[in-house]
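Along the sequence shown, the residues carry numbers beginning at 1.
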Amino acid sequence: MPAAASEMLVGASSDFLTRFSPFNRMEPEALAFLAERSTLAFHARGSEILTPEMGQPTHFHIVQRGKVQARQLGPASVTDYAAMTLGPGECFPIGAISAQRPSTNAYVAVEDSFVYQLPAEDFLKLMQMSPVFHVFCTQYIASLLNQSRQQLQSTFAQRAAEQQTMTTPLGQLVKKEPIFVGPDNTIRAALEKMSEMRIGCMVVADAERKPIGILTQSDLLPRVVLPGIDLQRPICDVMTATPHVMSASDSAYDAALEMATHGVRHLLVVDSEGRLKGVVSERDLFTLQRIGLRQIRSSIEGADDLEALQRASRDIRQLALNLIAQGIGAEQLTQFISALNDALTCRIIDLARTRHELYGIDYAWLAFGSEGRHEQTLSSDQDNGIIYVCPEGADRDALKNRLLACAKEVNENLAACGFPLCKGNIMASNPELCLTLEEWKGRFGDWIREPDPQALLNATIFFDYRVLCGNERLGDQLRAWLNRTAKAYSNFLRLMASNALQVAPPLGRIRDFVVEEDGTIDLKKSGARLFVDVARILALRADVASSSTVQRLRQAGTRMGMPAEEIAALIDGFHFIQLLRLRSQHLDTEHDAPGDNRINPDALNELDRRILKEAFRQARKLQLRLKLDYQL
């Protein structure tokens, strides 16, 4: 074909493509690449363009003229349609060609049709070349995630039928006009109004109706009655001046998490301009759930023996099941589990302290590993330690022995509540893990300066810590020192990077997945851990204080200039793997089988298999970044 004619065809293709999204937003060189590499094919009415029997797609298709029907085949429902018609500008099959496996749909021309064809290898190049096209394809995967969640909700629908959704916006839960007083109103007037209106708290707001405080019934005894406060004094003298405030657009779930984290029973709801819209209480949320926070938190706070705490632990697991049934995402779900488990652990520590005379000792209880990252699942074992201050002149051995005795009781009671003892003895009752601030610095310093394999293994566990209870400043001081020191030893980070690349995502060249001998994949070892390890290194490089994998990816990724959509895709991949772990563990628990992290990919439905493969591809992309950064 003469060069001029060829150029005309390419130009015509570009003109056509720029009429449709996402091609009209693509970079000029990427659009030119697409137009040059595509060929136009004709398909007569009734002819099959692509079917599952044809195997892995060799081309990406864009309808230029005519109509193509996409029809779902087989028993697995992987989309929310049985059949749909594609017209000019629409394309297929993104999921199959991205996953490099046969299509689950049959594509048939329902009119005489012309369709652009782009070779599969050029499709993959185009994704790398064009951020716009990459986002377009990634969003398609994100839509699959939503479909997966809908499928999951259907699976649990009967179980959740008696429950309303926890995704209800708080604004919809507020049924009454807000009742409030000004800061100069007397305490007596406020109390009379509470009695008259039969409400459990009084909000204090300024002239613009913006909340500035709250007084609850539980505040009355310690703040008003016992001190004998003059009731003619202004309410601002006894109110809580920093009330917990949430937006009307936040969900009931967000409110429940806030209550669980901070142990409060009332939240003030404000509109977009910060003006009081109403109050949401625990009671409002309880109506959404049969096993709610009130029962669980109350049982934890009121527990004075091990049996009561064991019941609370079982309730936490049941609540997690309910939240899965309601389609709660993995990030919120693991946060929820962590928040309630934190409360349970703190109560166990409080009870133990009363028997071991620890009053006056400055210390902090550290959570390591998944608990340290707020990523506990339902089969996490214990990883904990203690950091303490030994005052000058004090008997260090005696002080430490008191802490160890208390820690031993805490570890045993946690085990009785469903948190197995750590087989590696990473527990606060281990004298090697009950150290002063200087001793911890020495321990971390040794690992950083002499990073042998054991030191690197330790780093993967101990660097993910947070203070669960006690003096948080001790943990902050250690974190600041740790980040500063690790950053100064580039060889240590490089070895950590090399270590993080030892396990590759279980993606196969021929089959979708590389499975172990028993046909399963360990989602912790070969999935979640890949994200966790890289996020830890990025956080150390970017001086991120958070121990959460998601927050590390978000904060470090942003500081390092990673595109927002790339960060979002990484996090989606991590969340999906976490959700699969939780689902598997919970379903196993219901059948009295031991919960673990293994899944058989053949047992997944087609949609989940596709998304899992995409999640592993995100892990591979994250590892590739690390490989390039450190030239490994």
SB check [X] [Y] (cutoff 4.0 Å):
{"X": "E409", "Y": "R353", "value": "no"}
{"X": "D533", "Y": "R536", "value": "yes"}
{"X": "R209", "Y": "D271", "value": "no"}
{"X": "D305", "Y": "R311", "value": "no"}
{"X": "E614", "Y": "R617", "value": "yes"}

Taking the side chain from [X] and the backbone from [Y], do they hold a donor-acceptor pair closer than 3.5 Å?
{"X": "N384", "Y": "A428", "result": "yes"}
{"X": "R275", "Y": "E208", "result": "no"}
{"X": "R541", "Y": "M560", "result": "no"}
{"X": "S547", "Y": "G372", "result": "yes"}

statement: Checking L191, D219, V181, N185 against M202 for side chain to side chain contact (heavy atoms under 4.5 Å, CB included), the one that qualifies is V181
Any side-chain heavy-atom pair from [X] and [Y] closer than 4.5 angstrom?
{"X": "I387", "Y": "L366", "answer": "yes"}
{"X": "V238", "Y": "I187", "answer": "yes"}
{"X": "L523", "Y": "L612", "answer": "yes"}
{"X": "V389", "Y": "L437", "answer": "no"}
{"X": "T345", "Y": "L414", "answer": "yes"}
{"X": "R188", "Y": "Q232", "answer": "yes"}
{"X": "L231", "Y": "V224", "answer": "yes"}
{"X": "D237", "Y": "R223", "answer": "no"}

- line: Quick note, ring pair (Phe, Tyr, Trp, His ring centres under 6.0 Å) partners involving residues 191-250, not counting sequence neighbours, are H244-H262
Grab the two heavy atoms, one from [X] and one from [Y], that are nearest each other, plus how far apart they are.
{"X": "L268", "Y": "P243", "value": "CD1-CB, 3.6 Å"}
{"X": "M562", "Y": "I567", "value": "O-CD1, 3.7 Å"}
{"X": "A190", "Y": "I235", "value": "CB-CD1, 3.5 Å"}
{"X": "L570", "Y": "Q618", "value": "CD2-O, 3.4 Å"}
{"X": "A539", "Y": "R552", "value": "CB-CG, 3.5 Å"}
{"X": "R466", "Y": "E371", "value": "NE-O, 2.8 Å"}

task: Mind running side chain to side chain donor-acceptor pair (under 3.5 Å) on N411 and Q382 for me, showing each step along the way?
output: CA-CA 8 Å; N411 288 146; Q382 294 186 50; 2.9 Å; yes
In Å, rounded to the nearest 0.5 Å, how long is the span from [atom1] of [X] to [atom2] of [Y]?
{"X": "I386", "Y": "I361", "atom1": "CD1", "atom2": "CD1", "answer": "9.5 Å"}
{"X": "C201", "Y": "L267", "atom1": "SG", "atom2": "CG", "answer": "10.0 Å"}
{"X": "D184", "Y": "D206", "atom1": "CG", "atom2": "CG", "answer": "11.5 Å"}
{"X": "I212", "Y": "C236", "atom1": "CD1", "atom2": "SG", "answer": "7.5 Å"}
{"X": "L553", "Y": "Q555", "atom1": "CG", "atom2": "CD", "answer": "10.0 Å"}
{"X": "K524", "Y": "Q578", "atom1": "NZ", "atom2": "CD", "answer": "10.0 Å"}

message: Under 6.0 Å between ring centres: does that hold for F531 and F574?
response: yes
- prompt: Given the rule in the side chain to side chain contact (heavy atoms under 4.5 Å, CB included) test, do L540 and N483 qualify, once you have shown the distances and angles that lead to the verdict?
  reply: CA-CA 6 Å; L540 287 170; N483 280 6; 3.5 Å; yes
message: Within a 6.0 Å radius of atom CD on E177, are there more than 12 heavy atoms belonging to other residues, nucleotides or ligands?
response: no
field: R265 atom CZ, neighbour heavy-atom count above 12 within 6.0 Å
entry: no
field: side chain to side chain contact (heavy atoms under 4.5 Å, CB included) between L309 and L351, worked out
entry: CA-CA 11 Å; L309 291 166; L351 292 176; 3.9 Å; yes
Does either side chain, that of [X] or that of [Y], offer a donor lying less than 3.5 Å from an acceptor on the other one?
{"X": "E375", "Y": "S338", "value": "no"}
{"X": "S546", "Y": "S548", "value": "no"}
{"X": "D250", "Y": "S247", "value": "no"}

field: Geometric cation-pi criterion R479 and Y465, 6.0 Å radius, 45° cone
entry: yes
Derivation of the side chain to side chain contact (heavy atoms under 4.5 Å, CB included) call for L538 and V544: CA-CA 8 Å; L538 298 184; V544 171; over 6 Å; no
query: Do F463 and L482 pass the side chain to side chain contact (heavy atoms under 4.5 Å, CB included) test, and can you show the C-alpha distance, the side-chain angles, and the key distance before you say yes or no?
result: CA-CA 8 Å; F463 279 33; L482 178 60; 3.7 Å; yes
